[in-house]
Amino acid sequence: YVLRARDEAAFHTVEGLPVADTFISSYTPAVRAAVDETGYRLFGFPDMHDFQHTILARVLCGRDILAIAATGGGKSECYILPAMLLPGITVVVSPLKSLILDQYEQRIRTRYGLDYLTTFINGDVPFYERQGRLRRVILGHFKLVYMTPEQLERGYVLDALRQADRRVGLRYLAMDEAHCISQWGHDFRPSYLNIVQRLQDYGLKPCRIAVTATASPLVRDDVCNEMYLDRRDLSSGGDVFIDSSDRPEL
């Protein structure tokens with residue numbers, strides 16, 4: 001994986017174990033405390049919320065999840081933190097260019113100062129710049145890569161991710177606004193379909209994180225089918241977690 005300090009001009013590649021061998025073995029109380037400390041250092045949070053710990057207990061141990069929680073509750077941090085904490089690359093799929101730019105500018109750059117480890121690729125980025133960013137992804141310059149789903153329909157993008165996986169490892173695929181996968185959802189996007197299968201066709205099998213604030217039972221089943229997740233609740237041995245937080249203001 002790659003280590004980089006903001007004021008360094010050089011990148012240092014460190015040989016290590018394959019990504020699949022570097023997940024945390026179990027989410028012990030000591031790990032939970034370390035995650036709270038990491039959350040404070042990265043985000044300034046006094047403590048992570050209980051629902052965030054539930055999600056992180058899965059993904060830091062290399063297990064897939066569909067997580068449903070309220071808008072603004074902190075779902076994004078449940079893939080940002082693991083992306084920064086563990087070796088390898090995380091690809092975040094977001095449905096709109098405006099959402100990606102807002103996430104990058106407002107959250108990643110302004111709030112957390114992690115823009116030097118993050119990039120984004122969408123149709124507004126000129127082709128030559130896209131190629132340059134993909135090359136830096138292959139070299140391991142970035143930990144977090146935001147993409148619109150249409151980019152993952154392009155062979156050269158998938159080939160770049162395959163090269164990056166061989167060199168530094170593709171650890172997570174995070175599907176933001178995951179309800180867009182479902183034809184039963186109000187924001188259905190055809191380009192969200194078959195992303196997991198396309199990655200597998202290229203030999204890519206990252207841990208899968210799907211997050212959304214909106215998912216009826218039909219939508220949940222659709223998302224699980226599309227992403228090859230177990231539609232049962234976590235308590236029943238499945239991959240689905242629904243945060244039933246008390247929000248009196250709603």
(message) So, taking the atom named OG1 in Thr90 and the one named CZ in Phe142, what distance separates them when rounded to the nearest 0.5 Å?
(response) 14.0 Å
(request) Answer yes or no: is there a donor N or O on one side and an acceptor on the other, between the side chain of Lys143 and the main chain of Thr118, under 3.5 Å? (result) no
(message) Do Leu66 and Cys224 make a side-chain contact, defined as non-hydrogen atoms from C-beta onward lying under 4.5 Å apart?
(response) yes
(message) I'd like to know if the side chain of Asp64 and the backbone of Arg208 have a donor-acceptor N/O pair within less than 3.5 Å.
(response) yes
(message) Side-chain heavy atoms nearer than 4.5 Å, only ILVMFWY residues, links allowed to pass through others: does that put Val31 and Tyr40 together?
(response) no
(message) Less than 6.0 angstrom from the centroid, inside 45 degrees of the normal: does Arg171 satisfy that with respect to the ring of Phe23?
(response) yes
(message) Between His53 and Tyr27, is there a side-chain donor-acceptor contact under 3.5 Å, judged purely by atom types and distance?
(response) yes
(message) Under a 3.5 Å distance rule, please check whether Asp102 uses its side chain to pair with a backbone N or O of Ser98 as donor and acceptor.
(response) no
(request) Give the cluster check for Leu117 versus Val19: same hydrophobic cluster or not, with ILVMFWY residues linked at side-chain heavy-atom distances below 4.5 Å. (result) no
(request) Quick one: pull up OG1 in Thr212 and CD1 in Ile242 and give me the separation to the nearest 0.5 Å. (result) 11.0 Å
(message) A cation-pi test, strictly: NZ or CZ of Arg107 under 6.0 Å from the centre of the six-membered ring of Phe43 and no more than 45 degrees from its axis. Yes or no?
(response) no
(request) Of all the heavy-atom pairs spanning Phe241 and Ile55, show the shortest one and how long it is. (result) CD2-CG1, 4.0 Å
(request) Considering non-hydrogen atoms only, spot the tightest contact between Arg232 and Gly237 and give its length. (result) NH2-O, 3.4 Å
(request) Give a yes or no on whether a salt bridge exists between Glu226 and Arg198, defined as a side-chain N under 4.0 angstrom from a carboxylate O. (result) no
(request) Flag the pair Pro126 / Glu129 as yes when at least one side-chain heavy-atom distance between them is below 4.5 Å, and no otherwise. (result) yes
(request) Locate the shortest heavy-atom distance separating Leu81 from Val35; write the atom from each residue and the value. (result) CD1-O, 4.1 Å
(request) Would you check if there is a donor-acceptor pair between the side chains of Arg130 and Asn122 at a distance under 3.5 Å? (result) no
(request) Locate the shortest heavy-atom distance separating Leu99 from Ser94; write the atom from each residue and the value. (result) CB-OG, 3.7 Å
(message) Is it the case that atom CZ in Arg63 sees more than 12 heavy atoms from other parts of the structure closer than 6.0 Å?
(response) no
(request) Answer with yes or no whether the hydrophobic clustering places Ile138 together with Leu144; edges join I, L, V, M, F, W, Y residues whose side-chain heavy atoms lie under 4.5 Å apart. (result) no
(request) Return yes when atom OH of Tyr228 has more than 12 non-hydrogen atoms of other residues, nucleotides or ligands closer than 6.0 Å, and no otherwise. (result) yes
(message) Under a 4.0 Å threshold between the charged nitrogen and the carboxylate oxygen, would Asp36 count as salt-bridged to Arg41?
(response) no
(request) Over all heavy atoms of both residues, which pair between Ala69 and Asp243 is shortest? Give the atoms and the distance, please. (result) CB-CB, 3.9 Å
(message) Check for me whether the distance between the ring centres of Phe120 and Tyr104 falls short of 6.0 Å.
(response) yes
(message) Within the 4.5 Å heavy-atom criterion, are Glu77 and Gln52 side-chain neighbours or not?
(response) yes
(request) Work out which heavy atom in Gln103 is nearest to a heavy atom in Asp176; give both atom names and the distance. (result) NE2-OD2, 4.1 Å
(request) Answer yes if Val145 and Leu96 sit in the same cluster of Ile, Leu, Val, Met, Phe, Trp and Tyr residues linked by side chain heavy atoms under 4.5 Å apart, and no otherwise. (result) no
(request) Spell out, yes or no, whether Tyr128 and Leu134 are grouped together once hydrophobic residues are joined by side-chain heavy atoms under 4.5 Å, including indirect joins. (result) no
(request) Give a yes or no on whether the backbone of Ser235 and the side-chain of Asp233 come within a donor-acceptor separation of less than 3.5 Å. (result) no
